[in-house]
Amino acid sequence: MASATPSSKISVRAKSATSLRSKSTSTFSNNNVGDKGEDNDTKGKDSSIPPPLQKNTKDDDSNKKANKSWSIWGSSNTPAEQNSIPPTTKLSSTRTTGSIRSNNSSEEVPDSITTATNANANVSNEVTQKDTASTDTNNIDENHDETSRARGWSFWQRQPKITTYVETESTTKTQPTTEPFNPLVNTLIPPSSEKESLLSRIKSNMPGFQSPNIMVPDINILPKQSLWTSLSHMFTFNEEKQKFLYRADPYSKLSEMSNGGKRPIKVLIVGIHGFFPTKMIRPFIGEPTGTSTKFIKEAEEIVEKYFHDHDQACEISKIALEKEGDIFDRVEYFFSIMQKWAKEINDSDFIYFVSHSQGCPVSIILLAKLIESGIINVDNSKFFTGSASAEVGFCSQKKIISVLAMAGINNGPFYGADQTLFVRAYQTIERDSLRELFEFQKFDSIQSKKFINGLRVIIANNVKVTFVGSINDQLVPLYSSTCLFADHPNIFRTTFIDKSSMTPSFIMRIIKIAGTLLNLGYDDHGIVKEISGSLAGPLTGGGHSTVYNEKQVYELGVKFALETTDTTTTTSVTYTPYKLSELGTNPYHLPWSMRGLIYETKKYLGDEEINQLYKEFEEWKPETKQLKDIKYRLNGLRYKL
């Protein structure tokens with residue numbers, strides 16, 4: 001035959017190259033057939049393991065990675081039965097020196113293919129390890145971000161979780177269990193039958209009950225009732241206005257409410273939260289923690305402990321009123337809720353309203369409406385007609401009602417805060433609810449008129465109100481939270497001072513002296529109004545949302561209601577408006593107010609307070625610009641001190 005042409009030689013070489021590629025491809029795609037000869041020796045023990053039992057770490061890692069959710073929502077594994085993805089084909093090959101051998105041929109694969117295959121395997125392993133490490137890192141970062149976001153914003157924290165105590169039948173040991181925040185709101189929570197667990201918690205927490213934080217002034221500044229004071233009020237013939245209440249033994253009131261200890265005292269706690277931001281921005285700043293459920297749980301613990309310390313049985317019912325929106329809309333909604341429980345409300349002996357921020361004017365207006373409409377029959381001296389009269393029964397004695405107002409926006413936020421960049425930006429999202437808060441700065445607004453009228457109604461029915469302000473509140477000034485424009489013996493004012501605020505001793509002394517004079521019915525000469533603007537805390541670290549975590553605050557509201565006498569003469573609420581725009585603008589007002597405070601202190605409290613005030617003033621080294629300005633303006637009073 002004739003010799004092969006060059007074209008035929010090229011075709012033969014092409015066919016051999018094609019067969020070589022096909023053989024090598026079949027070698028890479030087959031994972032059940034092992035290598036022969038020396039290749040079986042290199043596999044070692046793995047060749048004896050059946051193919052289904054061989055562990056494919058690469059596939060497992062890829063499956064785990066596929067089963068992980070997106071890291072921004074947290075990593076979560078899908079159930080095993082849902083994982084129906086078939087395993088990928090495993091590459092089965094044996095590496096020799098510089099080549100990869102096929103099963104059916106002794107031909108060698110070029111080193112370039114071997115290098116590329118090993119590089120791809122190394123890259124895939126590195127990616128798998130990085131994915132696994134990044135998943136763990138994401139979990140740690142997410143927990144860190146949750147904690148940092150909760151600490152970084154002082155108004156509210158992330159969604160709180162409530163720790164409840166579950167008692168099983170097999171053991172009497174209480175075990176804490178954490179469950180999602182899902183409280184009962186806008187409904188009456190009857191007294192719990194499990195009192196022993198609560199009392200055991202109270203007893204175990206008794207040594208640590210005292211907090212390093214302080215409240216000035218304390219209820220002990222009120223004079224104690226004596227036989228002489230009782231007789232002097234009984235036989236007095238002058239119409240002098242009563243300035244303050246006296247401290248009295250609580251056992252007399254407890255005995256009266258319990259019919260001489262024959263039955264437990266029925267207590268009703270009503271919680272009303274403050275202003276909540278719109279749900280649109282809560283994912284950025286977190287869920288609010290100052291909820292009505294938080295307030296009633298804190299108050300319940302204090303009330304239970306108080307009655308336990310006085311050996312008095314009690315039954316505590318609770319209502320957590322929650323609704324967002326304007327003040328008058330909330331009042332109407334809460335009024336309809338309270339109507340449903342008119343009988344249970346009037347069966348109570350002691351009613352304790354606990355409120356915060358915007359909830360303070362809401363609670364006062366709501367309570368006044370409940371009394372005027374007959375939903376709450378205070379002393380059986382009134383008869384009512386209508387739908388409420390069927391549910392309002394007669395009680396054997398007068399009810400004791402107390403209102404605790406924590407950091408209340410009674411006179412609005414800081415003056416001029418509506419012009420700040422933060423507030424103006426937020427007004428574009430929630431205009432009406434935020435603008436309504438600044439209406440309390442105007443004494444002729446409908447909000448202020450409703451508030452002062454409600455305050456007069458409830459105090460006329462012997463309701464006792466405790467206003468608590470925070471020394472470094474970043475939203476509400478001290479003159480607003482302590483309601484300085486209203487005065488009555490049934491009003492008690494105090495200031496919560498957190499030790500983390502690092503408040504100077506001189507400022508604390510001024511607040512204590514001024515609060516003592518106001519609670520005794522005297523004048524502070526406007527010193528609190530003048531220094532309130534300089535006490536504002538930082539936006540992300542103020543005390544507006546720390547006051548409701550203090551147990552002393554809830555205890556003070558109980559003590560002022562149960563450990564004080566009632567007014568012996570008819571005394572109306574004194575209403576004294578002032579211009580907020582003039583506060584802190586004239587630098588000469590502060591030294592003039594300080595002069596009047598020193599005069600009142602020396603006349604009613606003695607020289608000891610003045611000596612302490614002078615000593616603390618000399619030792620005071622202010623650091624901020626506002627406090628330095630206060631000391632500069634008071635330097636001229638050294639000769640008077």
Under a 3.5 Å distance rule, please check whether [X] uses its side chain to pair with a backbone N or O of [Y] as donor and acceptor.
X      : Y      : value
Ser480 : Ile409 : no
Ser470 : Gly543 : yes
Asn411 : Leu484 : no
Gln552 : Asn213 : yes

Can you tell which of Phe275, Phe496, Tyr554, Tyr548 makes a ring pair (Phe, Tyr, Trp, His ring centres under 6.0 Å) with His356?
-> Tyr548
So, is the end of the Lys529 side chain (NZ or CZ) under 6.0 Å from the ring centre of Tyr578 and within 45° of the ring's axis?
-> yes
Looking only at heavy atoms, which two atoms of [X] and [Y] are closest? And how far apart?
X      : Y      : answer
Leu254 : Ser258 : O-OG, 2.7 Å
Ser355 : Cys360 : OG-CA, 3.5 Å
Leu245 : Asp566 : CD2-C, 4.1 Å
Leu184 : Ile189 : O-CD1, 4.0 Å
Ile364 : Leu455 : CG2-N, 3.6 Å
Pro489 : Thr571 : CD-CG2, 4.1 Å

Tyr251 and His310: aromatic ring centres closer than 6.0 Å?
-> yes
Between Thr516, Thr482, Val216, which is the residue that forms a side-chain contact (heavy atoms from CB on, under 4.5 Å) with Ile511?
-> Val216
Taking atom NZ of Lys450 as the centre, does the number of heavy atoms from other residues, nucleotides or ligands within less than 6.0 Å exceed 12?
-> no
Among all residues two or more places apart in sequence or in another chain, which pass the salt bridge (Lys or Arg N to Asp or Glu O under 4.0 Å) test with Lys442?
-> Glu439
Output all residues satisfying salt bridge (Lys or Arg N to Asp or Glu O under 4.0 Å) with Lys318, sequence neighbours left out; order by chain, then residue number.
-> Glu300
In sequence, state the C-alpha distance, the side-chain angles, and the governing distance for Thr564 and Lys559, and then conclude on side-chain hydrogen bond (donor to acceptor under 3.5 Å, both in side chains).
-> CA-CA 8 Å; Thr564 54; Lys559 285 185 176 182; over 6 Å; no
Close side-chain approach of Phe307 to Val267, heavy-atom, < 4.5 Å | yes
Is Ser445 close to Phe440 at the side-chain level, that is, under 4.5 Å between some pair of heavy atoms?
-> no
Stepwise salt bridge (charged side-chain N to carboxylate O under 4.0 Å, His left out) check, Lys369 with Glu332 = CA-CA 9 Å; Lys369 188 172 183 178; Glu332 292 298 328; 2.5 Å; yes
Polar side chain donor-acceptor pair, Thr187 to Lys340, under 3.5 angstrom = no
Under a 4.0 Å N-O cut-off, is there an ion pair linking Asp347 with Lys343?
-> yes
Ionic contact status for Glu344 with Lys266, cut-off 4.0 Å | no
Is the Phe492 ring parallel, tilted or perpendicular to the Phe560 ring (thresholds 30°, 60°)?
-> tilted
Can you list the steps and then say if Ser357 with His544 is a side-chain hydrogen bond (donor to acceptor under 3.5 Å, both in side chains)?
-> CA-CA 8 Å; Ser357 189; His544 186 69; 3.3 Å; yes
For Tyr306, which of Glu301, Gln312, Glu563 qualifies under side chain to side chain donor-acceptor pair (under 3.5 Å)?
-> Glu563
Ile375/Gln339 under side chain to side chain contact (heavy atoms under 4.5 Å, CB included): CA gap, chis, key distance, verdict = CA-CA 7 Å; Ile375 302 300; Gln339 276 183 318; 3.8 Å; yes
Going by the salt bridge (charged side-chain N to carboxylate O under 4.0 Å, His left out) test, name the single residue among Lys253, Lys399, Arg263 that passes it with Asp349.
-> Arg263
